[in-house]
Engineer: 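I'd like to ask some things about the structure below.
Just follow the structure's listing: the first ligand is 1, and inside any ligand the first atom is 1.
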Amino acid sequence: MAPRFPFSAVVGHDDLRLSLLLNAVHPAIGGVLVRGEKGTAKSTIVRALAALLPELDVVPDCRFACDPANPDPDCPDGPHAVGNDRRPSRLVELPVGATEDRLVGSLDLERALTEGVRAYQPGLLAAAHRGVLYVDEVNLLHDHLVDLLLDAAAMGRAHVEREGVSVSHAASFLLVGTMNPEEGELRPQLLDRFGLTVQVLASRDVSTRTEVVRRRLAYEADPAGFAADWAEADAELAVRIVKAREELPNVVLPDTELRRIAAVCAAFEVDGMRADLVVARTSIAHCVWRGANTVTEEDVEAAVRLALPHRRRRDPFDEPGVDEQQLQDAMQQAAAELEEPDNDPDDDPDGGEAPPDSRGPDSQAPQQQPQPGEGKAPKEQAPAAPSSAFKARLLQVPGVGEGAPGRRSRARAAGGRTIRSSIVDGHGLHLVGTVTAAAPHQKARGRDGAGLRLKGEDLRLAVREGKEGNLVLFAVDASGSMAARQRMSAVSGAVLSLLRDAYQRRDKVGVVTFRGTEAQVALPPTSSVDAAVARLRKLRTGGRTPLADGLLKAHKVLTVEKLRDPRRRPLLVVVTDGRATSARPGHDPVQDSLKAAALLANAGVAAVVVDCEHGPVRLGLADKLAVALGGVCLRLEQLSAERVAGVVRATRAA
Ligand SMILES: [Zn+2]
């Protein structure tokens, strides 16, 4: 195998390199999340790190990399005889498609079959102990695996309870994740479990770009020669890491700087106390890395820049990335609180953090145009400001699907938990489950040849259940009857809350609007909830209510989407007061709407009608629509989860 691209030969990417090195010095910082578009060499840099890490002393034959000087007393391979091996630190990669077995380990089938014992086969968490665990495209990893991963990272141990095996082993590793935000965001609650976050951008500087290409070409022409040229520089870094680790306990964190850290974190409005700890640890590592032994403002500032941006309490729809100005403000506010008038605004390290696409609101102008000549339609109204968002009630697609991993509806999923196993009729037999059940009994059953001695009681069907994301298509009535200012504001607030919910559940979303004489696809199904929010924020209202057209348009969108992504089950959310008033000449608007609804029902689309009717006289049209759709009807006020105890299954049971 060709040698890896050397760490020292990386041009630019100062923040990323610094973050990795600080974690190498002080793994308790908690890892690095690297955000950046494709083609920014994120993975190359992360993989290059492994070569810098010091060699490990390990107990020979311990599969859990016990340190001979301090073996894990609970090591599954222990207790250990005296002995010592040396090997390089490992960088273990967790593939996005990995199973839970692969990550945490599983029953060792071979030993179970040959020796009749329930032995444990370690997974990647064990392999990564005392090394680096790298997850490329961490944002695409199944939530269930992310939870397991982050729990292990936080505790430094892995606990495995499955298939009759109960094991706990040390799993302390430097966690590095890379992601391309264009492919979907990491859930906010996972973001802050990474110690540091770095935004990686391709340099715009010509000489930097030139040098990047020059080195890349040189490496590709002669990987071994290139690596040899940089071996000395890498070796120096490696030595520096070892020295810094030794010096780490001697670093002093003065009270002033500790107070500064607390003040910055408070001013920056972070959640909880984790941020303060991470900044403190990073400051200490930064101090020792630059060869000093007392933390100063310089160290805190560097730490704040790497550790805080992703921890700011934010709405999922805020622009991701860093607001450099807010960081500066927080630093200055902290400095003022410490009564140090030393405000030097030019001291700003050039983080280059501006999000590449901080587009103005105009770049996503709605496709719909004002429609002139629409006879007696009421005047069009400008968008109403949404009322404040709330935690949306959980709307689910009934039944069990097989769609892409997410967090909305029930699904059979490779990554889910085994919820039951049963004796089956030969169909859907779960081979591994069956062999696993039979394995420990082979010796007792007197197995002597190659064949497995199976009994009926061994047969297993593992039924796994997880959660899938859905396609949530909103059909929003923007007609005049909905347009009363306050009403529309409540509607936008509700829809935004549902969108926020969709974002957290990894749904795809689409928006159809209808008003005047026609329906429009305001947003084709996309994984970008931000785009949906932008469209809805600009929703204009007024005119008649072509409800039937809206439903037919939704049907069309769902039909196309079914071809494109057949396993992703749709949930149609119709937001309307049900007062259909516009139809083709000679047609009855209400009858047409009910026919369109029946069409959707026949296509098996799960639907929820959000009834926006108001006023003293209620016509109950939304209810009728819901019945025709075979779905449920919720009043606008019923959408807030806070008014419903626990999680409510809003749609009918399948
Ligand atoms: Zn061990």
Engineer: Check the angle between the aromatic planes of Tyr219 and Phe5 and answer parallel, tilted or perpendicular using the 30° and 60° thresholds.
Structural biologist: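 Because their plane-to-plane angle is over 60°, the rings of Tyr219 and Phe5 count as perpendicular.
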Engineer: Considering only NZ, NE, NH1 and NH2 on the basic side and carboxylate oxygens on the acidic side, decide whether Arg87 and Glu55 come within less than 4.0 Å.
Structural biologist: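 No.
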Engineer: Hey, are Arg157 and Asp72 close enough for a salt bridge, meaning a charged N less than 4.0 Å from a carboxylate O?
Structural biologist: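 Yes, Arg157 and Asp72 are salt-bridged.
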Engineer: If I take atom CG from residue Leu49 and atom CZ from residue Arg17, how far apart are they, to the nearest 0.5 angstrom?
Structural biologist: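 Between atom CG of Leu49 and atom CZ of Arg17 there are 12.0 Å.
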Engineer: Rounded to the nearest 0.5 Å, what separation is found between the CG atom of Leu56 and the CG atom of Asp85?
Structural biologist: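 Going from the CG atom of Leu56 to the CG atom of Asp85 covers 11.5 Å.
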Engineer: Within a radius below 2.8 Å of the Zn ion (ligand 1), how many protein N, O or S atoms are present?
Structural biologist: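 Under the 2.8 Å cut-off, the count stands at 4.
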Engineer: Output the distance between atom NE2 (His26) and atom CD1 (Ile241), rounded to the nearest 0.5 Å.
Structural biologist: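 The CD1 atom of Ile241 is 14.5 Å from NE2 of His26, to the nearest 0.5 Å.
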